[in-house]
Protein chains: 2
Amino acid sequence: MRKQDITIYDVAREAKVSMATVSRVVNGNTNVRKDTRDRVMKVINRLHYQPNAVAQGLASKRTTTVGLIVPDLTNLYFAELSKGIDDIALLYKYNIIITSIENRLMREDQAIQGLLNKQVDGVIYMSDTLPEEAVEAFKRTDTPVVLAGTKDSHSEFPSVAIDYKKADTEALNLLYNDGRKNLALVLGNPDTVVNVQNRIPAYKKFMSDHNLGEGHIYSNVKDHSDGYNLLSQLDQDGVDGVIVTNDVTAVGILNSAIDAGKKVPEELEIITASATQIASVVRPALTAIRQPLYDIGAVAMRMLTKLMNNEEVPETQIELPYEILKKQSTTNE
Amino acid sequence: MRKQDITIYDVAREAKVSMATVSRVVNGNTNVRKDTRDRVMKVINRLHYQPNAVAQGLASKRTTTVGLIVPDLTNLYFAELSKGIDDIALLYKYNIIITSIENRLMREDQAIQGLLNKQVDGVIYMSDTLPEEAVEAFKRTDTPVVLAGTKDSHSEFPSVAIDYKKADTEALNLLYNDGRKNLALVLGNPDTVVNVQNRIPAYKKFMSDHNLGEGHIYSNVKDHSDGYNLLSQLDQDGVDGVIVTNDVTAVGILNSAIDAGKKVPEELEIITASATQIASVVRPALTAIRQPLYDIGAVAMRMLTKLMNNEEVPETQIELPYEILKKQSTTNE
DNA sequence: CTGAAAGCGCTAACAT
DNA sequence: ATGTTAGCGCTTTCAG
């Protein structure tokens, strides 16, 4: 496979020690006399020896590799989560195998099984939907899993996220205080755990608490173009304030309004429930629930390192603080 | 490691065949009688046997894993490239190990070495800079490498990209035909191969061919805020048309202009040299050189699969067609 | 502190 | 068509 294939055996021979000793110095085992350690190190450097991680993995049953399951890399929401994960993984010397499941050729449970076959030491799961087969796949294994930026319906798995209910309620309240009474909620997939258990109930409760009627929930609005096309419906329904879960979708609505000569925020207020770089870069900039995506990823990965080392993890259901960033798509009165 | 650790040996015993035969059916080897194959398959399913990819990798010296080296996952340029890579990798059943090198804790050659230690079957390199140590690291190995969305200075490595010189010249010409004479070039890192060998020479040649003087090249303008702050300099230099390599940077300039009440495109035309989703989502939408990022990634990965199988690859320096997307940041007269 | 030896789970000749 | 037998390169008892 490699041009030069220096093995631990070559080093042992050259340094006149056993492979066991070489293994010890490679792994930083302290039970090696300083001068033998130095001698071995010298040979390692001279021969440019590099341990074969696959062989190490087979022998030690640890691959120092974690698997990431993510719907779509080109969605900045996941990219920013991944960055937090990646930085902490680097810190703890773990490699990352990424499996993208947007492609319909790959189901969630297949993705999980594939990672387990690769003997990853842990998995971070970022998809907003966790099908039953995926739950089963996780339960069949001892490999630890952490959910990042999402939750499962029974809180069976460790997770790092924010309090979506509270955040949405606060956002709705902002619109309400700006005088908006015809509030709408725009969702992508309406069947995700977060939507079913948090966003939709929070919305319904808010509407009923404030006697605002049934309101309007729009589902399956997933990208810029869906958002763009939704505007006419919003107009028709007389919506004057809207929470949009995905910020690219929110930008679609915004651009549609701009192109139609509809004033944002005067005639329509928009809040995106997940701010990525895109939300801050458009004009008018979008008021947003800022989830600490990088931190969510980082904390999730940190928790996973503990789980992989069988360390004590006192709290496995973590909620990080969010922030409501008031920008130009709300009047903020 | 796993709760249930069914090995090929267990299957062999239960199916009353040798492990070799089990291995054969697992790997789709045809030299197995149909009824034994069926019997083995039945046991595999009953026991939920899953091959240990690490052991397979050690024995076969192939890991069906490729390494990706990427500067920054949250840059859509790389995310879109990665998506193309990922889709083709899935098609050919390769897993992907991602190594991000933006973090200063990780040098290019260390990233490469790390991937080689993991015994990846191939590497796709996406960073726009390829330091000498990285070149050396690649040369020390037989593991194939493909550059995606970038080039190396001596065309030593297979690569998939576009003709940057031609594209830039065409973009400059568009500005010129719109009547702009004070043209500028805005770069991130000025020392990348693409900038040094393609963009800067193309710019200089264009300026001199059209007697437009020295022109202005601005370097190290890397993000939205850098772009935002650059506007005053552009004003000072009387620039009326600008090519910006990074589209987030371009948006920074655009937003700065909007906020300063400067009309785009009337007073300043902007073309971004790499269009991601962001370029099309801002208003006015950015005129752009549309690089087929997804395709570049896909073609690079496809080429890598051939290289990994020692197949013939007639052309290793591939240039894909680009497109100039005329949008609202140029007048397009 | 160091070495010998037995695997880790699988593939790949080589036999039969 | 199937079985036998060496490894792949390393870690990890177990002795000493």
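The shown structure was predicted, so the numbers you read here are calculated from the model rather than taken from an experiment.
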(request) Look at the side chain of Asn27(B) and decide which nucleotide, out of dT11(D), dT11(C), dC14(D), has an atom nearest to it. (result) dT11(C)
(message) Under 4.0 Å from OP1 or OP2 of dT2(D): is there any side-chain N or O of Arg33(B) that close?
(response) yes
(request) Kindly say if Lys61(A) contacts the phosphate of dG9(C), meaning a side-chain N or O under 4.0 Å from OP1 or OP2. (result) yes
(request) Assess the pair Phe138(A) and Tyr125(A): is the distance between their ring centroids shorter than 6.0 Å? (result) yes
(request) Measure the distance from CZ on Arg62(A) to P on dG9(C) and round it to the nearest whole Å. (result) 16 Å
(request) Ignoring the backbone of Tyr49(A), work out which of dT2(C), dC10(C), dC10(D) is nearest its side chain. (result) dC10(D)
(request) Measure from the side chain of Ser60(B), starting at C-beta and using heavy atoms only, and say which of dT11(C), dC14(D), dG9(D) lies closest. (result) dT11(C)
(message) Between Thr36(A) and dT2(C), is there a contact of a side-chain N or O with OP1 or OP2 at under 4.0 Å?
(response) yes
(message) Both Leu58(A) and Val32(B) contact DNA chain D. Taking the nearest nucleotide for each, which residue is further toward the 5' end?
(response) Val32(B)
(message) Just the rounded figure in Å: distance from P of dA1(D) to CZ of Arg39(B).
(response) 15 Å
(request) Would you indicate which nucleotide in dC10(C), dC10(D), dT2(C) comes nearest to any side-chain atom of Asn52(B)? (result) dC10(C)
(request) Specify the separation, in whole Å, of atom CG of Asp38(A) and atom P of dC1(C). (result) 13 Å
(message) Let me spell it out: for each of Val22(B) and Arg24(A), pick the nucleotide of DNA chain C with the closest heavy atom. Which residue's pick is nearer the 5' end?
(response) Arg24(A)
(message) Taking side-chain hydrogen bond (donor to acceptor under 3.5 Å, both in side chains) as the definition, give me every residue that meets it alongside Asp128(B), ordered by chain and number, with sequence neighbours left out.
(response) none
(message) If I take atom CD1 in residue Ile6(B) and atom P in nucleotide dC10(C), what distance separates them, rounded to the nearest angstrom?
(response) 10 Å
(request) Round to a whole Å and report the spacing from NZ of Lys16(A) to C1' of dG3(C). (result) 16 Å
(request) Answer yes or no: does atom CD of Glu312(A) have more than 12 heavy-atom neighbours from other residues, nucleotides or ligands under 6.0 Å? (result) no
(request) Carefully, step by step, assess Leu320(A) and Val299(A) under the rule side-chain contact (heavy atoms from CB on, under 4.5 Å). (result) CA-CA 9 Å; Leu320(A) 261 32; Val299(A) 170; 4.0 Å; yes
(request) Nearest whole angstrom, please: distance from the P of dC10(D) to the CD of Gln119(A). (result) 19 Å
(message) Any side-chain N or O of Ser23(A) below 4.0 angstrom from OP1/OP2 of dT11(D)?
(response) yes
(request) Name the residue closer to the 5' end of DNA chain D, choosing between Val17(B) and Ala55(A) according to the nucleotide with the nearest heavy atom. (result) Val17(B)
(request) Would you tell me if any nitrogen or oxygen in the side chain of Thr21(B) comes within less than 4.0 Å of OP1 or OP2 on dT2(D)? (result) no
(message) What is the separation between atom CE on Met19(A) and atom C1' on dC8(D), rounded to the nearest whole Å?
(response) 11 Å
(request) Using only heavy-atom distances, determine whether the side chains of Thr305(B) and Arg302(B) contain a donor-acceptor pair under 3.5 Å. (result) yes
(request) Could you tell me whether Glu14(A) and Arg46(A) have a side-chain N and a carboxylate O separated by less than 4.0 Å? (result) yes
(request) Mind calculating the distance between CG (Asn31(A)) and P (dG3(C)) to the nearest angstrom? (result) 13 Å
(message) What contact category does Thr7(B) fall into here, base, sugar-phosphate, or nothing, at under 4.0 angstrom with non-hydrogen atoms?
(response) sugar-phosphate
(request) Compare the minimum distances between each of dG3(C), dC8(D), dG3(D) and the side chain of Ala59(B), then state the nucleotide with the smallest one. (result) dC8(D)
